[in-house]
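Since the structure comes first, as structure tokens, the remarks are kept for the end.
Since the structure is predicted, the reported quantities are computational estimates derived from the model, not experimental observations.
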Amino acid sequence: QVQLEESGGGLVQAGGSLRLSCAASGRTFGSYAMGWFRQAPGKAREFVAAITRGGVSTFYADSVKDRFTISRDNAKNTVYLQMNSLKPEDTAVYYCAASANLVPSQRTSGYDYWGQGTQVTVSS
């Protein structure tokens, strides 16, 4: 069992930056690939970024590539999402998720545990 808690969301102007954190409970954090997803009002939850268990490999949605960076600190049981050059279309609730799969999926069905989400609002 893994419990996830996101933090760091808020209101920011377009062009600004935010860093989201996701703290995980338990001593098996390093056994899970981690992902970030987001869901805007009236839209399906979509993949944003993912990172392998050891942090060697990362994956990004085309819409955030070169602007967002996912990282993790297994000693702190935490995964991060650094978001730069934010756009109004990045406005959404952001969720972190844990996957037992060796290679993290871009599908929500590929994840076993989810956090409650943190709101990110980007004003124009």
Side-chain angles (χ1 to χ4, degrees):
Q1 187 83 11
V2 177
Q3 292 184 325
L4 305 172
E5 184 173 2
E6 304 93 338
S7 61
L11 174 64
V12 63
Q13 288 188 331
S17 298
L18 282 175
R19 188 175 84 153
L20 305 183
S21 298
C22 173
S25 66
R27 294 178 288 180
T28 60
F29 177 70
S31 300
Y32 292 90
M34 299 296 296
W36 285 97
F37 287 75
R38 67 187 181 186
Q39 189 166 18
K43 294 188 176 182
R45 194 170 297 189
E46 66 174 4
F47 171 78
V48 174
I51 189 167
T52 51
R53 297 171 182 175
V56 173
S57 298
T58 57
F59 308 87
Y60 297 94
D62 288 343
S63 59
V64 307
K65 203 170 292 183
D66 299 326
R67 298 190 298 123
F68 291 10
T69 302
I70 187 172
S71 61
R72 66 189 297 164
D73 185 337
N74 286 352
K76 295 183 178 179
N77 282 11
T78 303
V79 62
Y80 305 97
L81 186 67
Q82 177 67 44
M83 305 186 295
N84 299 329
S85 303
L86 282 161
K87 304 175 181 180
E89 50 263 45
D90 294 318
T91 295
V93 177
Y94 283 71
Y95 299 89
C96 72
S99 170
N101 294 334
L102 184 62
V103 178
S105 173
Q106 296 191 14
R107 297 176 178 268
T108 57
S109 59
Y111 291 80
D112 305 287
Y113 302 100
W114 292 84
Q116 293 300 307
T118 185
Q119 176 72 47
V120 171
T121 303
V122 184
S123 64
S124 58

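- For the ring-ring contact (aromatic ring centres under 6.0 Å, His included) condition, no pair includes a residue of residues 51-81, sequence neighbours left out.
- Criterion: ILVMFWY side-chain heavy atoms under 4.5 Å apart, direct or through other members. Under it, V79 and V64 are part of a common hydrophobic cluster.
- Remark: the backbone N or O of A100 is paired with a side-chain donor or acceptor of R53 at under 3.5 angstrom.
- Put simply, CD on Q39 and OH on Y94 are 12.0 Å apart, with the number rounded to the nearest 0.5 Å.
- Considering only residues two or more places apart in sequence or on other chains, Y95 meets the ring-ring contact (aromatic ring centres under 6.0 Å, His included) condition with none of them.
- Note: W36 CH2 to L20 CG = 4.5 Å, rounded to the nearest 0.5 Å.
- Rounding to the nearest 0.5 Å gives a distance of 8.0 Å between OG1 of T28 and CG of N77.
- Once rounded to the nearest 0.5 Å, the distance linking OG of S99 with CZ of R107 reads 13.0 Å.
- Scored by the ring-ring contact (aromatic ring centres under 6.0 Å, His included) test, F29 finds no partners at all (sequence neighbours excluded).
- One hydrophobic cluster, built from ILVMFWY side chains closer than 4.5 Å, cannot hold both L86 and V93; they sit in different ones.
- For the disulfide (SG to SG under 2.5 Å) condition, no pair includes a residue of residues 41-87, sequence neighbours left out.
- Side-chain contact check for L4 versus M34: some heavy-atom pair is nearer than 4.5 Å.
- Within the 4.5 Å cutoff, the side chain of K76 has no heavy atoms near those of the S21 side chain.
- Using modelled atom types, one side-chain atom of S25 and one backbone atom of Q3 make a donor-acceptor pair closer than 3.5 Å.
- The shortest heavy-atom contact between S63 and R38 is OG-NH2, 3.5 Å.
- Applying the side chain to side chain donor-acceptor pair (under 3.5 Å) definition to pairs two or more places apart or across chains, those involving residues 11-20 are S17-N84.
- The disulfide (SG to SG under 2.5 Å) pairs that include a residue from residues 26-67 number zero, where partners must be two or more places apart or lie in different chains.
- Sorted by first and then second residue, the pairs that involve residues 90-124 and meet disulfide (SG to SG under 2.5 Å), not counting sequence neighbours, are C22-C96.
- What you find for T52 and P104 is that their closest heavy atoms are CG2-CD, 3.8 Å.
- Under the disulfide (SG to SG under 2.5 Å) criterion, no residue pair touches residues 24-59, with sequence neighbours excluded.
- Residue pairs meeting the side chain to side chain donor-acceptor pair (under 3.5 Å) criterion with at least one partner in residues 115-124, sequence neighbours excluded, are Q119-T121.
- Applying the side chain to side chain contact (heavy atoms under 4.5 Å, CB included) rule to A97 yields the partners Y111, W114; only residues at least two apart in sequence or on another chain are considered.
- Note on residues 66-75: pairs passing side chain to side chain donor-acceptor pair (under 3.5 Å), not counting sequence neighbours, are R67-D90, R72-N74.
- Checked against side chain to side chain contact (heavy atoms under 4.5 Å, CB included), A23 has the following partners two or more places apart in sequence or in another chain: T78.
- The backbone N or O of V122 lies less than 3.5 Å from a partner atom in the side chain of T91, making a donor-acceptor pair.
- Within 6.0 Å of CD in Q82 there are more than 12 heavy atoms belonging to other residues, nucleotides or ligands.
- Both I70 and M83 belong to a common hydrophobic cluster when Ile, Leu, Val, Met, Phe, Trp and Tyr are linked at side-chain heavy-atom distances under 4.5 angstrom.
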